[in-house]
Amino acid sequence: MSSLINGSGDADTRRFLETLKKALNEKQYEAVTGDEGPLLVLAGAGSGKTRVLTYRIAYLVAMRGVPIHRILAVTFTNKAAGEMKERLIELLGDDVRDMWVGTFHSIYARILRRHLDVLGMRNDFVIYDSDDSLRLVKRIQKELEISTTEHTPQQIRGSISRAKNDLLDPERFSQNARGPYQYAVADVYHRYEKQLRENNALDFDDLLVLPIRLFREHSDVLDIYRSRFLHILVDEYQDTNRAQYESLTLLASLHRNLCVVGDDDQSIYRWRGARLRNILDFESEYRDAAVVRLERNYRSTSNILKAASSVVANNVGRKEKTLWTEKETGSPVKTMVAYDETDEASQIAYKVQELCAAGFSLGDQVVLYRINAQSRTLEDTLTHQGIPYRIVGGLRFYERKEIKDILAYLKVALNPRDDISLIRILNVPPRGIGDTSRQRLFEYASRNKLSLFNAVVGYDPEHPPEDLAIRGKAARGLASLGELLSWLHDRITEVHVGELTKGLVEELHIISILEEERSIEAEGRIENIRELLTATNAYQGSDGSGSIQEFLEEVSLITQVDETEFGGDFLTLMTLHCAKGLEFPVVYIVGVEEGLLPWHRALNDMEELEEERRLFYVGMTRARERLILSYVTNRYQGGFGMMSRGASRFLKEIPQECLETSGSPVGSYFPKRRPYAPGARRRSTQKSSRSKTHSSSTTSSDSSVTLDYSSSQVPPTMILAMGKRVEHPIHGQGLVVARHGFGESLEVDVRFADGSILRFPANSGELRPISIEY
DNA sequence: CATTTAAAAGTTTTT
DNA sequence: CTTTTAAATG
């Protein structure tokens, strides 16, 4: 492939412009080739936002001769950055690899690594994730004797985070504090910042906030970057917060070539400090800003687009936009009513298979929900029916306990001041150092003005310090930890991360300890550790050296979407927030109910309610061809009562003409749900007992009543679920005990009365499901 | 004194 | 229905 970057002849120029004209519509072309100066691209959902951003960079490089290192592109996830880079490499050639494309967090981390020392901190900091920060807040709350029940550590940590993103340092926060809660937060905040500095650690917010301090207090550093970055391009601008806004303003203050792309209707991170006004006020902020509106949608059918637009039109605080499409009308948006969440899950599972029969693959379909807790019921049902699925988000790989434990060792070895990580691994794996010993160790360290690390490493079991009353098992444990840590510390800068991790895992004997547990969870953990070893082993940093510092940084900035490999024949499940920026041919949104979507705590606040509406809008606009919205009449939460009350107000905002309603309110046919009996195990026994319970009242929540099997549209996969009773013309009655494959290729194992187990293709028609008689 | 076991309480969204 | 906190055990 010829690289555009080297060819600057007239012929190449003309060819490139031709390519652009062909690849882009008029508005997109305008945005891509827009002049220097501030540029606001208001890009509606599915209007080719990423495309514009990518082509604009290519245009700047190829046509305007902007050197690659003088461009800064900021995206929302690492994955988006990676994809943009791949695309740019195709367009411009391999040199693009050195371009600064990344998230705010990763780009600023890079800057801080170079310059943080001028602020009196160290450049070799570690990054605390939210779990680490939370542990720190908890510890401080205990030290300050602030009740953790009255104000949860999560709350306080949230308040601190918000303060930081609003650029309030502890002093300013204290001055503005009103009321007992804010005073408490102020105290914790003070100590929290002090601890971070002492531990040589930065939290996520620091990565955004410290560059601002750096730039403001050291104009020479600011000058390096603001003169270097001739063009700055920012994706998802509607979700930037105050700190991000301020830092961008500083970085763009010299050349003023700031191109921001976003959609105010898709701003969904207010709770994280995102300020809608950043995008709404861009034009007044930069009076000379050019504005381009991308209103043509290339993604959804007109029915879906119309439905979504009608919903979001109810928001007041927005820029007026009219999205249009040349796509066909398409299927109507479908609403489904279910009795409860189990019924909802069954109906979704049914619909998924119906659409599989209609030619969509599982990978084409995604189920979106408001809160993570909703995934459980779906998972149960999908597992039960043998539908392969994949969850995006939830617990991230690098946040799993066993992984974080191992990484904590590396962090401590790299940065001996990292007390939070050290405390974490003090007794992991169990080595006899409990609460009491830990407390004594703390006291001993502070009495002797030793860092915790030195207290541990310097511990000599032959001559234990007199003022450290640790003996016996705890003493031996402490000694072995000290040995291990100094062993690690000696190698941390020399050895490749893979080799060191391997040595560490062996030294800890984690695998054998877990093997002895002989539980499913332990097996999963072993799997995870093996995966970590593979990852570290294969790791090559930017210079191919396998530096541990670089590895740890990369790992802590991984986003939820980054981790998931898309493609493959899996049904995808994720929260609405996670779905931002993605698209699928078929989208289900479940739990479209008052109290859930909109979330109950948003009901009394106009702005919060609008954000919920935007969230719903984002979900709807992910769909290319089919959109299915479902709600239930009885949703239970935990064991305590109902949590949502009927269809969401947002559903009523969709025009009737693009809707199709299905699924009757079947509530009356269903038995009232029993209150949870304590001790009634769910996972294993419920599955078999559930169908019995329901069928005893002539119905089954496995949809055998709500869905009409006799209409023969029901795919066999649906009927031949695990545990279903079936009849075979020769062998008689049996029970489905296993399933292999999926869809057309599904085969099921059936155990018959004589104990024999036989395998049948599900679509052979030999097996007939029978309703269970009692 | 550490670990296991039982009871109690709390659940949005995430870089 | 999970996660955290308190009491019992080894």
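Letters go in sequence order (proteins before strands), and every chain restarts at 1. Basis for what follows: all heavy atoms, side chains included, without hydrogens, waters or symmetry-related copies.
Relative to the six-membered ring of F76(A), K580(A) meets both conditions, a distance below 6.0 Å and an angle of at most 45° to the axis. For the pair R613(A) and F650(A), the cation does not sit on the ring face, since its NZ or CZ is not both under 6.0 Å from the ring centre and inside 45° of the axis. The side-chain tip of R272(A) points at the ring of Y269(A) from less than 6.0 angstrom away and within 45° of straight on.
Rounded to whole angstrom, the span from the CG atom of D340(A) across to the P atom of dC1(C) amounts to 12 Å. Distance CZ (R613(A)) to P (dT13(B)): 21 Å, rounded to an integer number of Å. To the nearest angstrom, C1' of dT14(B) lies 14 Å from CD of Q154(A). In this structure, K164(A) atom NZ and dT14(B) atom P are separated by 21 Å, rounded to whole Å. Taking atom CG on L368(A) and atom P on dT14(B), their separation rounds to 12 Å, with Å as the unit. Distance, R272(A) CZ to dT13(B) P: 13 Å, rounded to whole Å. Going from atom NZ of K79(A) over to atom C1' of dT14(B) covers 16 Å, rounded to whole Å. One interatomic measurement links the two molecules: CG of L478(A) to C1' of dC1(B), which rounds to 15 Å at whole-angstrom precision.
Contact check, R431(A) against dA2(B): no side-chain N or O comes under 4.0 Å of OP1 or OP2. Dashed line: the shortest gap from a side-chain N or O of N78(A) to OP1 or OP2 of dT15(B) is not under 4.0 Å. OP1 and OP2 of dA2(B) both lie 4.0 Å or more from every side-chain N or O belonging to N427(A).
Between T575(A) and R438(A), the one whose closest nucleotide on DNA chain B sits nearer the 5' end is R438(A). Each of E611(A) and P430(A) lies near DNA chain B, and the nucleotide nearest P430(A) is the one positioned closer to the 5' end.
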**Request:** Report the C-alpha separation of Y225(A) and H115(A) in whole Å, then their side-chain angles, then the decisive distance to 0.1 Å, and conclude whether the ring-ring contact (aromatic ring centres under 6.0 Å, His included) test is met.
**Result:** CA-CA 12 Å; Y225(A) 293 99; H115(A) 306 286; 5.4 Å; yes

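Searching all strands for a Watson-Crick or G-U wobble partner of dT9(C) with both distances below 3.5 Å returns dA2(B). In a base pair of the Watson-Crick type (N1 to N3 plus N6-O4 or O6-N4) or a G-U wobble (N1-O2 and O6-N3), with each distance short of 3.5 Å, dA8(B) is matched with dT3(C).
Across all strands, I433(A) comes closer than 4.0 Å only to sugar-phosphate atoms, never to a base (heavy-atom distances). Nucleic acid contact class of D205(A) (heavy atoms, under 4.0 Å, all strands): none. In this structure, Y269(A) reaches the sugar-phosphate backbone alone: every heavy-atom distance under 4.0 Å involves primed, P, OP1 or OP2 atoms, never a base. Here R270(A) lies out of heavy-atom contact (under 4.0 Å) with every strand. Heavy atoms of S437(A) sit under 4.0 angstrom from primed sugar atoms or phosphate atoms, though from no base atom.
Closest to the I371(A) side chain, of the nucleotides dC1(C), dT15(B), dT13(B), is dT13(B). Counting only heavy atoms from C-beta on, H105(A) has its side chain closest to dT15(B) among dC1(B), dT15(B), dT13(B). For R376(A), the side-chain atoms get nearest to dC1(C) when compared with the rest of dT15(B), dC1(C), dT13(B). Distances from the side chain of H577(A) to the nucleotides dT14(B), dT11(B), dT15(B) place dT14(B) closest.
Considering D206(A), L202(A), D418(A) as possible partners of Y128(A), the one that fulfils the side-chain contact (heavy atoms from CB on, under 4.5 Å) test is D418(A).
Between dT13(B) and dT4(C), the two C1' atoms lie 22 Å apart (nearest whole Å).
In this structure, D340(A) contributes its side chain and D343(A) its backbone to a donor-acceptor pair below 3.5 Å.
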